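Data first, discussion second: the structure below is written as structure tokens.
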Amino acid sequence: MLNKLIALVGLGALPQLTLAAGGAIEGEIERQAVNPTAIAMFVVFVCITLFISYWASKRTNTSAEFYTAGGGISGLQNGAAIAGDFMSAASFLGITALIYATGVDGLTLALAAFAGWPMMLLLLSERVRNLGKVTFTDVVALRLEQTKTRIIAVLGSVSVVVMYLIAQMVGAGKLIELLFGLPYEVAVIIVAVLVMAYVAFGGMLATTWVQIVKALLLLTGITIIGVLVMNNVGFDFNQLLQQAVDKHPRGGDILSNGVWIDDPIQILTLLISMMFGTLGLPHILMRLFTVPDMEESRRSAFYASVFIGYFFLLLIIGGFGTIVYVMGNPEYTDAAGKLLGGGNMAAIHLSHAVGGDLLMGFMSAVAFATILAVVAGLTVAGSAAISHDLYAEVLCKGKPDPDKEIRLTRIVTLVLGLLAVGLGIIFQEQNVAVIATLPMVVAASVNLPILLLSLYWSKLTTRGAVAGAVVGFVSAVGLIIIGPKVWVDIIGFEKALFPYDYPALFTMPAAFIAIWYFSISDNSQRGQVDRDCFEALVLRSETGRQ
Amino acid sequence: MSDPKDLKRLIQKKNRLRLIMGTVIVALYLGFALGYGPLQQLFASKMGDSLIPFGLVYFVGLIFGFIALELVYLKLVKRYDPDKGEVSHYAE
């Protein structure tokens with residue numbers, strides 16, 4: 001499909017986009033010359049965030065403070081941090097590049113990345129916050145059999161975190177190579193070392209503030225770009241579209257859907273995967289525990305929607321701005337019309353076109369900061385899954401030695417950092433699009449069905465939850481393997497056995513059906529206990545904890 | 001503190017609100033996929049004399065609409081929130 005598009009657009013410059021807002025950057029990378037402005041701005045960002053980590057480390061002594069910042073983050077702060085966690089480099093560079101290549105089709109990915117947030121507010125923000133302490137596994141395990149449920153939920157969490165982490169690290173290496181002219185391995189090590197410093201010392205408090213700073217910088221940068229682009233067309237959006245249509249080889253077609261993907265089922269399954277995948281991401285759900293009560297949790301989801309929505313609205317201007325100011329400009333394209341540095345450089349080139357070296361350096365530094373913030377959030381979630389869910393709750397039966405737990409948490413953070421470097425280097429030649437697809441589909445097919453039904457369905461039993469998780473995981477991984485990205489792109493078969501890139505449209509219902517069937521047919525004593533616990537759980541989920 | 005039955009009734013109302021608003025959001029969201037199928041012409045059609053396509057307006061409308069729906073939910077849901085006494089009681 002993408003090859004067809006490249007031929008259609010005639011640019012040869014289409015980025016092999018990672019189809020996940022939280023995913024990574026992929027595509028042909030041409031290392032750029034060392035960019036001193038960008039490096040100087042990035043060093044300033046690193047100094048500020050390391051100071052934040054030092055400040056946070058003085059306030060992070062207990063495991064509760066490490067995992068959830070002691071529950072002292074306000075709704076507005078948490079909303080900004082969520083936005084900082086969620087608005088990735090792929091969103092900024094990838095969606096802009098997709099609009100550059102295809103026009104309004106790029107908006108589909110933006111909408112998919114945004115739409116999970118209203119559902120997060122409605123379905124999860126209150127109940128998850130009131131029932132859990134550290135991870136979403138706490139919520140699921142509350143009414144079901146602890147050990148089995150925690151193990152299955154931890155597997156779901158860790159697999160999502162690790163896959164997401166690989167995608168981010170590979171994307172980080174390539175992006176930094178692209179923007180700063182640094183070697184891939186050096187870039188991966190820099191990211192891991194900085195993230196280990198933020199998380200191991202400052203825990204969730206440092207991670208939160210790094211994400212807030214990053215969100216503010218990204219929104220500031222994209223706002224400046226938006227204003228400068230609109231200023232150049234006299235703040236006339238129609239004029240911007242007219243110039244884009246005149247400049248783009250596809251002309252008026254860039255204002256119609258179907259250039260990128262022309263199959264409505266492919267679009268439907270992408271929309272389902274992204275919306276419901278967002279609701280099952282462990283590092284995002286974990287942020288709901290950092291606020292003092294359910295009202296602040298609701299506000300968190302609302303403010304996150306506002307920030308993320310604003311960001312995607314501005315990407316429309318940025319995206320069409322790249323067509324007007326970058327496409328065909330010899331300063332940013334070669335003789336064949338291909339973007340210098342690769343397709344993902346469209347947004348960065350635009351920042352230079354409208355704001356010169358200073359704005360380009362700023363946006364490059366922001367893109368790097370973006371990766372640090374996302375990886376930091378993933379690292380906190382990964383270490384919580386191991387040290388809280390597995391060690392404290394399963395191995396120590398909920399009564400761990402607090403000092404040992406916090407020590408273990410820091411060790412797990414360091415191990416995750418080293419793992420991230422290793423995996424980033426091992427997977428550097430792999431198709432990152434596949435790795436980035438998996439976490440969204442697994443989150444939608446494993447984590448979300450268990451979490452949602454544990455909150456809203458009285459007949460859920462442990463047996464049903466375990467069966468649903470297994471069906472969701474196996475079907476998600478299986479269909480991705482026999483789908484186009486692995487079966488054709490990696491293994492090399494001519495045609496995929498399963499035609500869709502994102503299988504959540506099929507795997508998520510399969511998980512729900514498995515949970516339903518194995519729960520209603522569960523006549524065990526444990527099953528009855530699980531059902532009996534529901535009413536008390538609902539009352540608590542709506543009244544909360546203090 | 002209210003009777004547990006009253007509390008359950010409030011929870012039922014809150015769930016109904018969630019269900020209605022969630023259904024509206026999912027329906028509007030998945031409606032975007034129609035722009036790639038039976039409504040492709042409509043999504044490509046221009047708004048008045050401008051070049052702005054309906055698909056772009058739908059996208060912007062969804063973002064503003066969803067945020068507006070969230071505001072409505074935040075306003076309405078407060079009616080069903082428990083009082084502080086109930087929070088203390090059930091937190092135990």
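The structure displayed is predicted, hence computed values, not measured ones. To find a chain, count down the sequence lines: A is the first, B the second, and so on, and within it residues start at 1.
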side-chain contact (heavy atoms from CB on, under 4.5 Å) between Leu122(A) and Leu17(B), intermediate numbers included
CA-CA 9 Å; Leu122(A) 294 179; Leu17(B) 180 66; over 6 Å; no

Using every non-hydrogen atom in the two residues, find where [X] and [Y] come nearest and quote the distance to one decimal.
X: Phe59(B); Y: Leu107(A); value: CE1-O, 3.4 Å
X: Leu51(B); Y: Leu255(A); value: O-CD1, 3.4 Å
X: Leu241(A); Y: Pro53(B); value: CD1-CD, 4.4 Å
X: Leu62(B); Y: Phe114(A); value: O-CE2, 4.5 Å
X: Glu70(B); Y: Ala301(A); value: OE1-O, 3.8 Å

Sorted by number, residues from residues 33-40 of chain B in contact with chain A (heavy atoms, under 4.5 Å)
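The stretch touches chain A at Ala33(B), Gly35(B), Tyr36(B), Gly37(B), Gln40(B).
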
Side chain, backbone, both or neither: which part of Ile308(A) has a heavy atom under 4.5 Å from chain B?
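Contact with chain B: none, neither part.
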
Engaged part of Phe302(A) at the chain B interface, taking heavy atoms whose separation is under 4.5 Å:
both

Side chain from CB out, backbone as N, CA, C, O: work out which of these in [X] comes under 4.5 Å of a heavy atom of chain A, or both, or neither.
X: Leu69(B); answer: neither
X: Phe54(B); answer: neither
X: Ile11(B); answer: side chain
X: Leu28(B); answer: neither

Count the heavy-atom pairs under 4.5 Å between each of [options] and chain B, then report the option with the highest count.
options: Gly309(A), Ser256(A), Pro118(A), Ala115(A); answer: Pro118(A)
options: Val306(A), Val104(A), Thr108(A), Val538(A); answer: Thr108(A)
options: Leu268(A), Ile265(A), Leu121(A); answer: Leu121(A)

Between Met119(A) and Val26(B), does a side-chain contact (heavy atoms from CB on, under 4.5 Å) hold up when you go through it step by step?
CA-CA 9 Å; Met119(A) 299 303 280; Val26(B) 172; 3.6 Å; yes

Pairing residues for [X] by the side-chain hydrogen bond (donor to acceptor under 3.5 Å, both in side chains) criterion, not counting sequence neighbours:
X: Lys78(B); answer: Glu295(A)
X: Asp253(A); answer: Arg250(A)
X: Asn15(B); answer: Arg127(A), Arg18(B)

Heavy atoms from other residues, nucleotides or ligands near CZ of Phe64(B) exceed 12 (cutoff 6.0 Å)
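Atom CZ in Phe64(B) is not packed in, count stays at 12 or less.
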
Just wondering, more than 12 heavy atoms not from Lys247(A) lying within 6.0 Å of its NZ?
yes

Quick check for you: to the nearest 0.5 Å, what is the distance between [X] atom [atom1] and [Y] atom [atom2]?
X: Ile25(B); Y: Trp117(A); atom1: CD1; atom2: CH2; answer: 13.5 Å
X: Ser50(B); Y: Gln242(A); atom1: OG; atom2: CD; answer: 10.5 Å
X: Asn257(A); Y: Tyr58(B); atom1: CG; atom2: OH; answer: 11.5 Å

Treating Tyr29(B) as the side-chain partner and Gly116(A) as the backbone partner, does any N or O pair qualify as donor plus acceptor under 3.5 Å?
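Not at all, since once roles are kept as given, no pair shorter than 3.5 Å links the two residues.
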
Compare all side-chain heavy atoms of [X] with those of [Y] and state whether any distance is below 4.5 angstrom.
X: Ile316(A); Y: Val60(B); value: yes
X: Glu542(A); Y: Asp81(B); value: no
X: Asn238(A); Y: Met47(B); value: no

